[in-house]
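Everything numeric here is computed off the predicted structure, so don't read it as measured data. Chain identifiers are assigned alphabetically (A, B, ...) following the order of the sequence lines, protein sequences preceding nucleic acid strands; residue numbering begins at 1 within each chain.
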Amino acid sequence: MPEGNTLHRLAREHNRDLSGRSVRVSSPHGYFAVPARRLDGRIFGRAEARGKHLFHHWQGDLIVHVHLGMFGWFYRHPGPPTEPRPTVRMRLTTPEVTHDLIGPPTWELVTPEKHGQILERLGPDPLDPRADPEQFRQALASTDAPIAHALLDQRIVSGVGNIYRAEALYLAGIHPLRKASSLTETEGELLWQTTRALMRRGVRQSSTATVAPEDLGQEERRAGDEAFYVYRRERCRRCGRKVRRFPLSGRTMYACAGCQPRRALRPSLRATPP
DNA sequence: TACATATGATCAT
DNA sequence: TGATCCTATGTAA
């Protein structure tokens, strides 16, 4: 159940493990048996992550496009290949490591043209160093939908999912139902910076947790769960007030009425971004 | 064993 | 808005 940080982390791992190598490709599940044979033994060029999309560039201009949807995942097994689960759709193997792909709603070979079209549809990715925050701000300015809806729109910003939308809005002190176009320039900038900081941490720590481990109590750290400020919580981590949850754009939204008032907070009263 | 639930997105209505 | 695709896990029965 990945957001953009996961895809960027996977791209890094795949580049490290597979780039420039001849890779065995198989489909234990059988569903991708034909394309797997076509790729088997080829040189793996590079992995590329954009928003929640992952591309594998193979020798000979073959490009694989993967989207993990809600349930898809890659599992990495160092060492000699283990017996695959029957649900493994695609297995990538070198002598050192195996990557198993489970349950992607999207797995397709695409042409360079199609690859370009997919990228064109995506808004700026906070994890892309070349991304332009101004593009994000302008997209918000022309959107009447609630800001919490806009954040899940991959044409406005790519890679943000249900966790980051809740947590970034919380840390920026922005009420989720405010019109996107009503955000000030400063708020738009703060929201971008906050989102980017959270997602960068997500890549670094290989987890979508938004609260840094060093900010947790001993008991919480021992439990080892991913920690959040409002997402799936009963009470706000900072003020202790009951967290409001309500459906928004088909997902559950979480917000604190105290820390995210309808009216903009004075900057000095905002929560400190991580 | 069954069911609810989940970090997503598309397509039909 | 609802149905649909995809899988694993935790809890209830």
Participant: Less than 6.0 angstrom from the centroid, inside 45 degrees of the normal: does A:R85 satisfy that with respect to the ring of A:Y75?
Facilitator: yes
Participant: Side chain of A:H67, heavy atoms from C-beta onward: which of B:dT7, B:dA9, C:dT7 has the nearest atom to it?
Facilitator: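 Selected nucleotide (nearest to the side chain): B:dA9.
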Participant: Roughly how many Å apart are B:dA4 and C:dA3, using the P atom of each and rounding to a whole number?
Facilitator: 14 Å
Participant: Under 4.0 Å: is that the gap between some side-chain N or O of A:Y231 and OP1 or OP2 of B:dT7?
Facilitator: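 Result: yes.
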Participant: Send over the distance from A:W73 CH2 to C:dC5 C1', rounded to a whole Å.
Facilitator: 19 Å
Participant: Is there a side-chain contact between A:T87 and the phosphate of C:dA8, meaning an N or O under 4.0 Å from OP1 or OP2?
Facilitator: yes
Participant: Would you kindly give the CD-to-P distance between A:E108 and B:dT10, to the nearest whole Å?
Facilitator: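 Rounding to the nearest Å, CD of A:E108 and P of B:dT10 are 11 Å apart.
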Participant: Should A:W58 and A:F32 be counted in the same cluster of Ile, Leu, Val, Met, Phe, Trp and Tyr side chains packed under 4.5 Å apart?
Facilitator: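 Linked, A:W58 and A:F32 end up in one cluster.
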Participant: Is there a Watson-Crick or G-U wobble partner for B:dT13 with both distances under 3.5 Å, and if so, which one is it?
Facilitator: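 Matched B:dT13 with nothing under the 3.5 Å cut-off.
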Participant: Return no unless some side-chain N or O of A:K52 is found under 4.0 Å from OP1 or OP2 of B:dA9.
Facilitator: yes
Participant: Using the P atom in both, what is the distance from C:dA13 to B:dT5, to the nearest Å?
Facilitator: 13 Å
Participant: Separation of A:E3 atom CD from B:dA6 atom C1', in whole Å?
Facilitator: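 Checked: the CD to C1' distance equals 11 Å.
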Participant: Counting heavy atoms from C-beta on, name the nucleotide in C:dT7, B:dT7, B:dA9 closest to the side chain of A:I102.
Facilitator: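 The nucleotide sitting nearest to the side chain is C:dT7.
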Participant: Taking atom P of B:dT7 as reference, at what distance in whole Å does atom CG of A:L10 sit?
Facilitator: 19 Å
Participant: What interatomic distance, in whole Å, is found between P of B:dT13 and the corresponding atom of C:dC5?
Facilitator: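 Those two atoms are separated by 15 Å.
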Participant: Tell me the interatomic distance from A:M253, atom CE, to B:dA6, atom P, rounded to whole angstroms.
Facilitator: 15 Å
Participant: Which base sits across from B:dT7 as a Watson-Crick or G-U pair, both distances under 3.5 Å?
Facilitator: none
Participant: Using OP1 and OP2 only, check whether a side-chain N or O of A:R85 sits under 4.0 Å from C:dA8.
Facilitator: yes
Participant: Rounded to the Å, how far apart are A:R121 CZ and B:dA9 P?
Facilitator: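 My rounded result for the distance is 11 Å.
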Participant: Does A:R89 make a cation-pi contact with A:Y31, if we ask for NZ or CZ under 6.0 Å from the ring centre and within 45° of the axis?
Facilitator: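 So A:R89 does make the cation-pi contact.
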Participant: Please figure out whether A:R232 or A:H53 has its closest DNA chain B nucleotide nearer the 5' end.
Facilitator: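 That would be A:R232.
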Participant: Pick base, sugar-phosphate or nothing for A:E167, based on heavy-atom distances below 4.0 Å to the nucleic acid.
Facilitator: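 A:E167: no heavy atom of the nucleic acid under 4.0 Å.
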Participant: Would you say a side-chain N or O of A:R89 is under 4.0 Å from OP1 or OP2 of C:dT7?
Facilitator: yes
Participant: Before we go on, tell me: are the rings of A:H57 and A:F44 under 6.0 Å apart, centre to centre?
Facilitator: no
Participant: Kindly confirm whether the side-chain ring of A:F71 is stacked on the base of C:dC6, judged by centres under 5.5 Å and planes under 30°.
Facilitator: no
Participant: Just the rounded figure in Å: distance from P of C:dC6 to CE of A:M90.
Facilitator: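 Result: 15 Å.
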Participant: CZ of A:R201 versus P of B:dT7: gap in Å, rounded?
Facilitator: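 In whole Å, B:dT7 P lies 20 Å from A:R201 CZ.
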Participant: Could you work out the separation of C:dC6 and B:dT1 based on their P atoms and round it to a whole Å?
Facilitator: 23 Å
Participant: Tell me if the centroids of the rings in A:H115 and A:H65 come within less than 6.0 Å of each other.
Facilitator: no
Participant: Which of these nucleotides, C:dA8, B:dA9, B:dT7, is closest to any side-chain atom of A:M1?
Facilitator: B:dT7
Participant: Start with the C-alpha distance between A:Q193 and A:R196, add both sets of side-chain angles, then the distance that settles side chain to side chain donor-acceptor pair (under 3.5 Å), and finish with yes or no.
Facilitator: CA-CA 5 Å; A:Q193 299 295 347; A:R196 191 178 59 168; 2.8 Å; yes
